[in-house]
*Asks:* 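Can you read through this structure? Questions will come right after.
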Number of protein chains: 2
Amino acid sequence: MKSEKVTNEDAAAFRRRYDDACAAAHALDLVGERWALLVMRELMTGPKRFSDLRAGLPGISANVLTQRLEGLEAVGVVERRTLPPPASTRVYALTPWGLEAEPIFQALGRWAVRSPLHDPTAPFSTASFVLSLRTMFAATRAAGRSGRVGFRVGRESYLAVIGPDGLDLQPAEDLATADVVLTGEARSLAAAIYGGQPWAELERAGAVTITGDRGVADWLATLFPLPPKVEAG
Amino acid sequence: MKSEKVTNEDAAAFRRRYDDACAAAHALDLVGERWALLVMRELMTGPKRFSDLRAGLPGISANVLTQRLEGLEAVGVVERRTLPPPASTRVYALTPWGLEAEPIFQALGRWAVRSPLHDPTAPFSTASFVLSLRTMFAATRAAGRSGRVGFRVGRESYLAVIGPDGLDLQPAEDLATADVVLTGEARSLAAAIYGGQPWAELERAGAVTITGDRGVADWLATLFPLPPKVEAG
DNA sequence: CTGTATCCGTGTTGATACTG
DNA sequence: CAGTATCAACACGGATACAG
């Protein structure tokens with residue numbers, strides 16, 4: 001019934017657009033709907049299935065996720081893929097242009113992390129954690145030293161390569177080349193990296209497992225400083 | 001009547017918040033509602049009155065603008081001020097932290113300007129124009145040369161100082177120190193600076209008036225390159 | 001003249017239940 | 001697992017009336 005009356009997808013995607021030539025306003029036409037940017041955030045670290053997206057987006061309902069994926073696909077930000085057999089699963093991925101939206105998340109995150117109302121105890125998806133590391137890395141703190149840190153969060157794993165060119169943090173199946181591998185929930189890893197909680201404490205609590213060079217883990221926890229909070233309103 | 005039932009402003013501002021520790025998600029809790037970021041955009045170039053905001057936001061209704069201003073004030077992004085007599089007008093201004101949100105607009109704008117669906121013929125507010133110049137300035141194109149360009153758009157005026165430190169573009173009442181002053185609608189100025197339309201053509205059409213060194217105006221129009229469009233979906 | 005509050009039609013959002 | 005259908009609540013936007 002809906003598809004009978006709508007002549008093209010653009011009309012559906014732009015039901016309520018801003019009438020504004022400003023490119024930032026256009027960005028909000030494209031990805032300003034509720035949940036749209038968070039769907040993109042989940043896809044920034046790689047293709048995901050429908051249910052993986054739901055898992056990383058606490059509170060989204062299935063129909064809204066469907067609508068957002070359709071809308072993002074219509075404007076060229078997301079594409080559907082079907083994995084080759086034997087998986088044959090349908091996944092959603094960002095297009096190359098969608099991938100270029102990462103600076104938007106960095107700007108939003110850097111700004112909002114100063115908010116006095118920010119609640120860091122809420123659910124924290126793996127994609128958020130990975131993006132936050134890429135956002136908050138302070139190259140000046142690394143001071144020429146280099147290292148390789150593996151992360152295992154849930155079923156996903158990532159490798160962070162810190163060197164003279166900064167931080168390169170990407171999904172990686174093989175963490176054998178890492179100096180140290182940190183295993184745990186995103187929230188626990190964040191507690192050490194952002195909250196200053198000692199690794200040993202998290203290990204005792206069973207929240208984190210460290211394999212390899214603990215010195216590198218301690219060093220890592222000094223590389224992601226948070227800016228000071230704004231005075232509460 | 002509203003304030004009788006609502007215990008605090010946070011409840012009103014967060015009726016529909018994401019349950020997510022990600023700072024970018026929190027940013028959307030703060031400023032992700034429809035119109036909120038565009039209200040901030042209008043305030044990025046300085047305090048404005050209610051009716052000025054409406055003028056720069058085609059399509060917003062008075063009650064929605066009131067709601068957004070209340071919400072942004074509640075979270076510490078906007079503050080009300082009353083100008084000293086004899087003006088005694090109430091204006092809205094960004095707080096220092098609100099002003100720090102400019103990188104968000106730059107990231108959004110830089111990303112969306114590549115969109116094949118972007119319509120540059122829509123209304124273009126003065127604030128958008130000024131922000132777009134700050135966003136798109138390419139320091140490498142200036143190549144060591146310096147200059148001072150005044151802009152008069154409607155009743156507002158701005159001074160752009162281009163030098164070794166890049167571009168500094170701020171509101172300024174006195175444009176006497178400018179090498180050249182460009183007067184016209186934002187859209188006309190953008191046609192030359194972004195669209196490559198010759199100044200002379202715009203002058204003949206009565207859309208732009210140039211006072212001073214035309215060579216500086218021509219040079220200016222080379223300093224704001226737009227990235228290539230993405231292939232249409 | 002500058003905002004603010006209220007009513008109301010319309011469309012979007014989100015929870016539950018359900019189907020391929 | 002991957003979505004669709006239905007429905008209630010609420011947000012948006014227009015008009016209008018009101019307050020400083």
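Within every chain, numbering begins at 1; the chains are lettered A, B, ... in the order of the sequence lines, protein sequences first and strands thereafter. What you see is a predicted model, and the numbers here were worked out from it, not measured in a lab.
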*Asks:* Considering only heavy atoms from C-beta outward, does the side chain of Thr209(A) approach that of Glu203(A) to under 4.5 Å?
*Replies:*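 Contact flag for Thr209(A)/Glu203(A) side chains = no.
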
*Asks:* Does dT13(C) have its OP1 or OP2 closer than 4.0 Å to a side-chain nitrogen or oxygen of Gln67(A)?
*Replies:* yes

*Asks:* Looking only at side-chain atoms of Arg34(A), point me to the closest of dG14(C), dG13(D), dT4(C).
*Replies:*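 Comparing dG14(C), dG13(D), dT4(C) against the side chain of Arg34(A), the answer is dG14(C).
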
*Asks:* Which one, dA5(D), dA11(D), dT2(C), comes nearest to the side chain of Arg68(B)?
*Replies:*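 Of dA5(D), dA11(D), dT2(C), dA11(D) is nearest to the side chain of Arg68(B).
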
*Asks:* Among dA5(C), dA2(D), dG3(D), which is the nearest nucleotide to the side chain of Thr66(B)?
*Replies:*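 Between dA5(C), dA2(D), dG3(D), the one nearest the side chain of Thr66(B) would be dA5(C).
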
*Asks:* Is it the case that over 12 heavy atoms from other parts of the model lie below 6.0 angstrom from the CD atom of Glu79(A)?
*Replies:*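 More than 12 within 6.0 Å, yes.
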
*Asks:* Identify, between Tyr18(A) and Asp52(A), the residue whose nearest nucleotide on DNA chain D lies closer to the 5' end.
*Replies:* Asp52(A)

*Asks:* Picking from dT13(C), dT2(C), dT4(C), which would you name as closest to the side chain of Arg49(B)?
*Replies:* dT2(C)

*Asks:* Salt-bridge test for Arg68(B) and Glu70(B): reply yes if a basic N is under 4.0 Å from a carboxylate O, no otherwise.
*Replies:* no

*Asks:* In whole Å, I'd like the distance from the CD atom of Glu73(A) to the P atom of dG3(D).
*Replies:* 10 Å

*Asks:* Send over the distance from Leu69(A) CG to dA2(D) P, rounded to a whole Å.
*Replies:* 11 Å

*Asks:* Between Trp35(B) and Leu53(B), is any pair of side-chain heavy atoms under 4.5 Å apart?
*Replies:* no

*Asks:* Using the C1' atoms of five pairs at each end, what's the angle between the two axes of the helix from dC1(C)-dG20(D) to dG20(C)-dC1(D), to 10 degrees?
*Replies:*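 Taking five pairs per end, the axes differ by 40°.
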
*Asks:* When you look at Val180(A) and Phe151(A), which way does the side-chain contact (heavy atoms from CB on, under 4.5 Å) test go after all the steps?
*Replies:* CA-CA 9 Å; Val180(A) 63; Phe151(A) 296 96; over 6 Å; no

*Asks:* Among dG3(D), dA15(C), dA2(D), which nucleotide sits nearest the side chain of Arg90(A)?
*Replies:*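 In terms of side-chain proximity for Arg90(A), the closest of dG3(D), dA15(C), dA2(D) is dG3(D).
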
*Asks:* Please confirm whether the shortest side-chain N or O distance from Trp35(B) to OP1 or OP2 of dA11(D) is below 4.0 Å.
*Replies:*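 No.
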
*Asks:* If I take atom CZ in residue Phe50(B) and atom C1' in nucleotide dG3(C), what distance separates them, rounded to the nearest angstrom?
*Replies:*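 My rounded result for the distance is 6 Å.
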
*Asks:* Would you please name every residue forming a side-chain contact (heavy atoms from CB on, under 4.5 Å) with Glu73(A), sequence neighbours left out?
*Replies:* Arg80(A)

*Asks:* Whole angstrom is fine here: how far is it from CZ in Arg17(A) over to C1' in dT12(C)?
*Replies:*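 After rounding, the gap between these two atoms is 18 Å.
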
*Asks:* Taking the basic N atoms (NZ, or NE/NH1/NH2) and the acidic carboxylate oxygens, is any pair closer than 4.0 Å for Glu102(A) and Arg134(A)?
*Replies:*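 Looking at Glu102(A) and Arg134(A), the cut-off is met.
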
*Asks:* Counting side-chain heavy atoms from C-beta on, which of dA5(D), dG3(D), dG13(D) comes nearest to Asn63(A)?
*Replies:* dA5(D)

*Asks:* Gly59(B) or Ser51(A): which one's nearest nucleotide on DNA chain D is closer to the 5' end?
*Replies:*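 Upstream on the strand: Ser51(A).
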
*Asks:* When we call it a touch if two heavy atoms are under 4.0 Å apart, what does Arg80(A) touch: a base, just sugar-phosphate, or nothing?
*Replies:* sugar-phosphate

*Asks:* Mind calculating the distance between CZ (Arg54(B)) and C1' (dG3(C)) to the nearest angstrom?
*Replies:*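 The answer, rounded to whole Å, is 10 Å.
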
*Asks:* From C-beta outward on Ser61(A), which listed nucleotide comes closest to its side chain: dT4(C), dA15(C), dT4(D)?
*Replies:* dA15(C)

*Asks:* Going by an N to O cut-off under 4.0 Å, is there a salt bridge joining Arg114(B) and Glu100(A)?
*Replies:* yes

*Asks:* Provide, to the nearest angstrom, the distance between the CD1 atom belonging to Ile60(B) and the P atom belonging to dG3(C).
*Replies:*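 Result: 14 Å.
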
*Asks:* Rounded to the nearest angstrom, tell me the gap between atom CD in Glu33(A) and atom P in dG14(C).
*Replies:*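 In whole Å, dG14(C) P and Glu33(A) CD are 10 Å from each other.
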
*Asks:* Does a side-chain N or O of Tyr92(A) approach OP1 or OP2 of dG3(D) to a distance below 4.0 Å, or not?
*Replies:* yes

*Asks:* Rounding to an integer number of Å, can you tell me how far Glu70(B) CD sits from dA11(D) C1'?
*Replies:* 15 Å

